[in-house]
Amino acid sequence: MSEQPTPTNIESLHEQEVARRAKREQVRALGLDPYGSRTPGIVPLREARARYDEKADAEHQAGGADNRPRVTVAGRVVLLRDTGKLVWINLRDETGDLQAAVSRKDCDERGFEAAKLTDLGDVVVLEGPLMRTRTGEVTVWASSLRPAAKSLAPPPSKHEGLTDTELRYRQRYVDLWANPETKGVFALRSRIVSRIREIMDGLEFLEVETPMLQALAGGAAARPFRTRLNALGIDVFLRIAPELYLKRLLVGGFSRVYEINRNFRNEGLDRQHNPEFTMLEAYEAFGDVTTMMDLTERLVRESARLVADERGTPDDLRLPFGETVIDYGSPFERVTYADLFGRALGFAPTDLDRVWREAEQRGVTAKYARHLAEEGRAPAGGTLRGRVDDALVVNELFEAFAERTLDPGRPTFVTDYPAAISPLTRPKPSNPALADRADLFIGHMEIAPMYTELNDPDVQAEKFRAQLAGLDEEEATFRTFDEDFVRALKVGMPPAGGMGLGIDRLVMLLTDQRSIRDVLLFPFMRPEGSGPG
RNA sequence: GCCUCCCUAGCUCAAUCGGUAGAGCAGCUGACUCUUAAUCAGCGGGUUGAAGGUUCGAGUCCUUCGGGGGGCACCA
């Protein structure tokens, strides 16, 4: 046929693909299309198994009338046992596995011949009555079999599946059919996101979509991806956060908005970071950090409940994550930033002499020295104090030594963050050095920050300016002052609470996956074959 | 970007101190109408990620490159 590979081509193919191509031709010679066609009435395998009728089967086996339910099923061939005039085929679809048998006596002739030409990994359609074998296995006893998709690729080990992590990520389409657990993770992810949408919609939050292509990449402190808008001849950025647009909607009069969508950050890749990741961001007019904490706790607990239901233990919201068990059922812990700092370090974050001494001893200020040196502003061997914001150094100590002391099994809100590291957050009226910001930690991961949003345009403008002051040239190109956002605040934004929930990390926790790549269908991978050879 | 470990047949894995690459499954040929990781008999399959180097001899040691895992840095 026209699409047959040339001889030189065929030599380059692996023997197993050659064999499969030959069988595909034999299927065509039978007058069957190896790639199938529209097929009505296909019953999912789990449903087919459920339709098995014990009485009808017994009646038929006793020589009575054949009232056995008949089904049409389709699936990928995951096991194959050819005993001559009887071929056993184990099918798999997204609902599970089911056995079928194709006998020379009971199947149509072309179907039987096609069964003999079937390989592991092929997709086939079978039709026939449901019966139980002598060993008790519910089986579709085929009256017909039709090919639906010839697989030319040799399948992974039918026993071990696909274990090579690189192949699992690069060829997710194989991983998904060969390792059913993988499909389970992504099905659960989908249901978790649906549940979150249900809850948000039920609370009358309006789901919106805001720009992913932005002329200014604001709303967070991260390096953006830069791209080009040819029509206007300008550079634009993939968003690092939707925050500044969602807040504009509060100005416009929407009182509760949320968005579940992708953010892009041009940073490192590791077990908790992918260049694109999914966030829920929500804003509530006349809310504050505490209403957002309540909302976050509810979203996380209800998501955990969904997973617990799935596990068949709906009343036990303690779920495993690696070696630890996380308790989603009890009220989440709350601890202030200063208390946690003091407990872990043994002195208060306001004791700046001690902070600087410890920071330099413990080496957390080294990177600031390096940065200043790179910019040629380094004080030769001198102290950094006075040149680096105290709050940044406090936070270095906090992240390096305090965060890790949190109990990974108890979801915990850390509250009252320093105002200096929270530029979009409203300072606490009772203590302007602190911000009305909280962060939820679970399993040693930061899952969600929550804020009382800043809505004074003058204070916002001042914070933007302060943030821009110390930037190098490269950073300055994407951290431009967002004039329009300040203009929006001048129009007047109601007081509001806001939050961002990292969906991928939440799914990691709830599906017990230690790598973000295991909860992303297509995690970012270096392109194949880019180098020499 | 840095450190470190890994890459052997289609898949999953072996190969002692540097001694001339094996197994199971898959594939091919044959047998088999209740098997289910089917079984039985036979057969083929490798530039050991790539390129250099050391050595009488390299899957094994060294260098560079590619890809991956883990860690650091950056960040959520």
Side-chain angles (χ1 to χ4, degrees), chain A residues 13-20 22-23 61 78-91 97-107 112 115 119-121 131-139 141 151-171 174 178-179 219-224 240-241 263-281 364 366-367 370-371 399-400 439-441 445-449 475 500-506 508 514-517 523 525-533:
Chain A
L13 295 176
H14 189 268
E15 51 157 347
Q16 300 204 32
E17 181 171 343
V18 172
R20 283 162 181 261
K23 289 185 195 172
Q61 296 219 11
V78 293
L79 289 173
L80 194 58
R81 297 172 297 283
D82 182 346
T83 65
K85 299 187 181 65
L86 180 63
V87 181
W88 299 94
I89 293 176
N90 289 47
L91 291 181
D97 291 6
L98 186 65
Q99 176 173 273
V102 185
S103 85
R104 176 165 212 175
K105 182 155 91 49
D106 298 314
C107 188
F112 178 75
D119 284 309
L120 285 172
M131 51 83 73
R132 207 190 271 277
T133 63
R134 281 175 206 158
T135 52
E137 186 85 22
V138 173
T139 301
W141 196 264
S151 180
L152 297 177
S157 162
K158 64 187 181 187
H159 188 208
E160 288 90 358
L162 195 62
T163 66
D164 184 286
T165 49
E166 181 174 1
L167 288 178
R168 288 186 52 228
Y169 299 147
R170 288 195 194 276
Q171 300 184 32
V174 176
N179 300 333
R223 311 188 99 73
I240 55 175
N263 290 340
F264 306 85
R265 297 191 182 177
N266 208 340
E267 312 278 358
L269 291 72
D270 63 28
R271 284 209 339 255
Q272 290 176 37
H273 301 264
N274 193 68
E276 51 180 313
F277 64 100
T278 301
M279 280 272 282
L280 160 68
E281 274 205 25
V364 295
K367 69 172 185 178
R370 205 171 61 235
H371 285 171
E399 289 182 358
D439 240 314
L440 175 61
F441 288 86
M445 285 195 286
E446 188 188 2
I447 296 302
E475 278 183 297
L501 177 63
I503 298 292
D504 310 286
R505 289 181 180 178
L506 178 64
M508 283 171 65
R514 305 308 297 243
S515 171
I516 195 170
R517 296 189 183 100
M525 299 292 279
R526 229 183 205 95
E528 289 177 272
S530 48

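Below, read A as the first sequence line, B as the second, and so on, with proteins coming before strands; counting in each chain starts at 1. Bear in mind the structure is a predicted one, so any value in this text is a computation, not a measurement.
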Among the candidates [options], find the nucleotide nearest to the side-chain atoms of [X].
X         : options                : value
Arg265(A) : A37(B), G69(B), A76(B) : A76(B)
Lys105(A) : U33(B), C34(B), G68(B) : U33(B)
Arg517(A) : G70(B), G68(B), U35(B) : G70(B)
Lys85(A)  : C34(B), U33(B), G69(B) : U33(B)
Gln99(A)  : C34(B), U35(B), G27(B) : U35(B)

Which atom pairs link the protein and nucleotides 44-47 of chain B when you take only N or O atoms and keep those under 3.5 Å?
residue	atom	partner	partner atom	Å
G44(B)	N2	Glu15(A)	OE1	2.9
G44(B)	N2	Glu15(A)	OE2	2.2

To the nearest Å, give me how far apart CG (Asp82(A)) and C1' (G27(B)) are. 14 Å
If I pick the [atom1] atom on [M] and the same atom on [N], what distance separates them, to the nearest angstrom?
N      : M      : atom1 : value
G52(B) : U60(B) : P     : 14 Å
U55(B) : C62(B) : C1'   : 12 Å
U12(B) : A73(B) : C1'   : 36 Å
C13(B) : G71(B) : C1'   : 27 Å
A37(B) : G69(B) : P     : 33 Å
G59(B) : G22(B) : P     : 13 Å

Do Thr133(A) side-chain and U35(B) base share a donor-acceptor contact under 3.5 Å? yes
Ignoring hydrogens and angles, does a donor from either the side chain of Glu137(A) or the base of U35(B) sit under 3.5 Å from an acceptor on the other? no
Hey, which sits more toward the 5' end of RNA chain B by its nearest nucleotide, Gln61(A) or Ser515(A)? Gln61(A)
What is the minimum heavy-atom distance between Asp119(A) and Arg20(A), and which atoms define it? OD2-CG, 3.3 Å
[X] side chain near [N] phosphate (N/O to OP1/OP2, under 4.0 Å):
X         : N      : value
Arg104(A) : U33(B) : no
Arg271(A) : G71(B) : yes
Arg168(A) : G68(B) : no
Arg526(A) : G68(B) : yes

With a 4.0 Å cut-off on heavy atoms, is Ala178(A) in touch with a base, just the backbone sugar-phosphate, or nothing at all? nothing
Select base, sugar-phosphate, or nothing to describe what Glu166(A) touches, counting heavy atoms under 4.0 Å on all strands. sugar-phosphate
Give me the stems containing RNA chain B, sorted by first residue, counting only three or more consecutive Watson-Crick or G-U pairs with both distances under 3.5 Å; say none if there aren't any. B:1-7 with B:66-72, B:10-13 with B:22-25, B:27-31 with B:39-43, B:49-53 with B:61-65
Could you go through nucleotides 11-13 of chain B and list every protein N or O atom that sits under 3.5 Å from one of its N or O atoms, giving the distance for each pair?
residue	atom	partner	partner atom	Å
C11(B)	O2'	Ser157(A)	N	2.7
C11(B)	O2'	Gly161(A)	O	3.4
U12(B)	OP1	Thr163(A)	N	3.1
U12(B)	OP1	Thr163(A)	OG1	3.2
U12(B)	OP1	Asp164(A)	N	3.0
U12(B)	O3'	Thr163(A)	OG1	3.4

Candidates Thr133(A), Ile89(A), Leu91(A) - the one meeting side-chain contact (heavy atoms from CB on, under 4.5 Å) with Gln99(A): Thr133(A)
